[in-house]
Amino acid sequence: MSDTAVTPSTATFDQFGLAPDILKAVKESGYTIPTPIQEQAIPVVLAGRDMMGAAQTGTGKTASFSLPIIQRLLPQASTSASPARHPVRALILTPTRELADQVAANVQSYAKHTALRSAVVFGGVDMNPQSEQLRRGVEILIATPGRLLDHVQQKTANLGQVQILVLDEADRMLDMGFLPDLQRILNLLPKERQTLLFSATFSGEIKKLAATYLRDPQTIEVARSNSTATNVTQMVYEVAEGDKTAAVVKLIRDRGLKQVIVFCNSKIGASRLARSLERDGVVATAIHGDRTQNERMQALDAFKRGEIEALVATDVAARGLDIAELPAVINFDLPFNAEDYVHRIGRTGRAGASGDALSLCSPNERKQLADIEKLIKRPLDVQHLTVDAPVRHHHEERPPRRERVDGRAEGRDERGGRRRPGASSSGSFDRPHHHRAQPVDDFFLKPYEPSAASVRKVEEAAASSAAAPQKSSSKQPLAALLGGFGMPRKSSSSS
DNA sequence: AAAAAAC
């Protein structure tokens with residue numbers, strides 16, 4: 001952000017040589033001046049080079065790869081209805097379903113005046129409409145990894161002609177354990193392709209991923225990734241754990257916040273807080289991984305439409321979500337992972353607007369606070385918050401289990417799944433399935449080791465990027481990190 | 001410690 005302030009860009013989108021149909025869509029989106037990352041990335045992508053990008057959403061990241069991708073695919077766009085003429089040419093992978101949906105909406109709008117077709121596939125929703133769309137043919141596919149592999153196995157998606165791959169929020173995908181899925185997908189793609197990797201940090205793991213799957217990548221970086229936007233005012237309120245709900249209500253009322261995202265560390269905590277806020281007259285709803293995809297999308301849409309004051313979320317909403325003019329975020333809990341703090345507060349103060357990041361800190365969260373201050377390299381302003389009339393609810397801990405208007409009891413079977421008739425009633429269905437049946441396929445058993453030359457090039461690229469962000473733990477040479485990547489081998493290894 | 005993601 002500070003980059004823009006120091007050297008205001010006088011560039012326009014016209015300078016990139018994008019097709020008129022693309023520029024028209026850009027104009028209709030209301031954009032006139034490229035952001036720093038767009039200015040740097042668009043020429044690199046147009047030139048067909050691999051790229052590692054350090055940038056967060058809200059910096060214009062999505063357009064920085066979608067616009068040049070559309071341009072590059074344009075000559076192949078066909079008006080023929082034959083699916084064979086519409087193989088997947090560009091694949092964009094994201095860690096969460098909401099992010100996939102959002103990226104897809106952007107791609108759709110940028111490509112609307114072209115003959116290119118795009119589609120999005122992710123889990124939690126019916127596969128059939130997705131399969132039908134794939135059958136009709138799409139050039140640009142946006143997906144979460146699991147559902148994409150599902151489509152591959154069902155033979156509804158063919159990745160054999162992908163020319164451009166984008167790994168969005170790659171660090172997040174690794175955090176979430178997507179590496180095996182990513183490997184399977186990557187091994188299905190043609191070797192001759194362009195690969196773009198976006199990540200908040202260039203950790204050792206990210207560098208190894210890049211060294212293995214990218215070819216001589218160019219590094220693009222805007223705004224150091226662990227820095228927080230200067231237009232976001234950060235405040236920490238010391239408050240007793242039991243007063244947190246009242247504190248949230250007080251902050252919303254005192255500051256007259258029209259809309260706010262409140263982050264919790266647990267799914268149960270988020271549901272509970274949403275209910276408590278509702279009882280205190282705040283229109284609130286929860287969004288987290290135990291709600292059905294339908295509920296998640298409805299919650300997000302209603303929030304975007306302004307029908308909901310407080311969106312109470314887990315870290316499913318911490319990254320990437322772009323909600324215009326969000327005046328504030330509140331951390332009900334401080335995140336265990338300091339980096340998540342940066343991502344959470346990045347939901348406010350977007351596109352140059354100002355925003356407030358208000359964090360509640362109970363006495364047992366001091367360590368998390370210290371970790372955050374260490375990461376952002378500055379102390380945070382801490383104030384004691386007195387809650388004048390603590391709002392206590394007798395049923396706070398265990399709200400009555402009441403049938404909701406949709407006929408389901410809250411908190412049970414939220415995925416909308418139906419119990420199998422005749423299944424044992426031992427209650428095992430309420431537990432997540434940890435051991436998914438491992439499909440017998442061999443396409444993901446190829447080795448995951450970068451060549452020495454590739455490692456060198458990634459190291460050089462990362463080093464040449466000014467002040468490439470490094471986690472202190474990843475200062476060691478890449479080679480030292482290569483051994484312990486912990487990949488599942490075909491037959492169980494000693495690890 | 002917790003979250004996310006395929007039936």
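Worth knowing before you read on, the calculation uses all heavy atoms, side chains too, and leaves out hydrogens, waters and symmetry mates.
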If only side-chain N and O atoms of A/T314 are considered, is one of them under 4.0 Å from the OP1 or OP2 phosphate oxygen of B/dA4?
yes
Here the distance between atom P of B/dA3 and atom CD of A/E98, to the nearest Å, is 16 Å
Test item: A/T285 and A/F303 side chains (from C-beta on) under 4.5 Å apart, heavy atoms:
no
For the side chain of A/S266, starting at C-beta, report the closest nucleotide among B/dA4, B/dA6, B/dA3.
B/dA3
Using a strict cut-off of less than 4.0 Å between a Lys/Arg side-chain nitrogen and an Asp/Glu carboxylate oxygen, indicate whether A/D280 and A/R275 qualify as a salt bridge.
no
Within 45° of the six-membered ring axis of A/F332 and under 6.0 Å from that ring's centre, is NZ or CZ of A/K244 located there?
yes
In whole angstroms, the gap separating P of B/dA6 from CG of A/N128 amounts to 16 Å
Rounded to the nearest Å, what distance is computed from the CG atom of residue A/N331 to the C1' atom of nucleotide B/dA2?
14 Å
Rounded off to whole Å, could you give me the CE-to-C1' distance for the A/M173 and B/dA3 pair?
16 Å
Does A/T144 put a side-chain nitrogen or oxygen below 4.0 Å from OP1 or OP2 of B/dA6?
yes
Round to the nearest Å and state the distance from A/E365 atom CD to B/dA2 atom P.
14 Å
Separation of A/D290 atom CG from B/dA3 atom C1', in whole Å?
10 Å
Taken to the nearest whole Å, CD/A/E339 to C1'/B/dA3 is 15 Å
Under-4.0 Å side-chain N/O to phosphate OP1/OP2 contact, A/R97 with B/dA6:
yes
Closest to side chain of A/F336, choosing from B/dA6, B/dA1, B/dA5:
B/dA1
Considering only heavy atoms from C-beta outward, does the side chain of A/L251 approach that of A/I330 to under 4.5 Å?
yes
Nearest to the side chain of A/K267, which nucleotide is it out of B/dA5, B/dA2, B/dA4?
B/dA4
Between B/dA3 atom C1' and A/D340 atom CG, what is the distance in whole Å?
8 Å
Would you classify A/D315 as touching base, sugar-phosphate or nothing, given that sugar-phosphate means primed atoms plus P, OP1 and OP2, and contacts are heavy atoms under 4.0 Å?
nothing
Tell me if a side-chain donor or acceptor on A/R347 pairs with a main-chain N or O of A/L321 at a distance below 3.5 Å.
yes
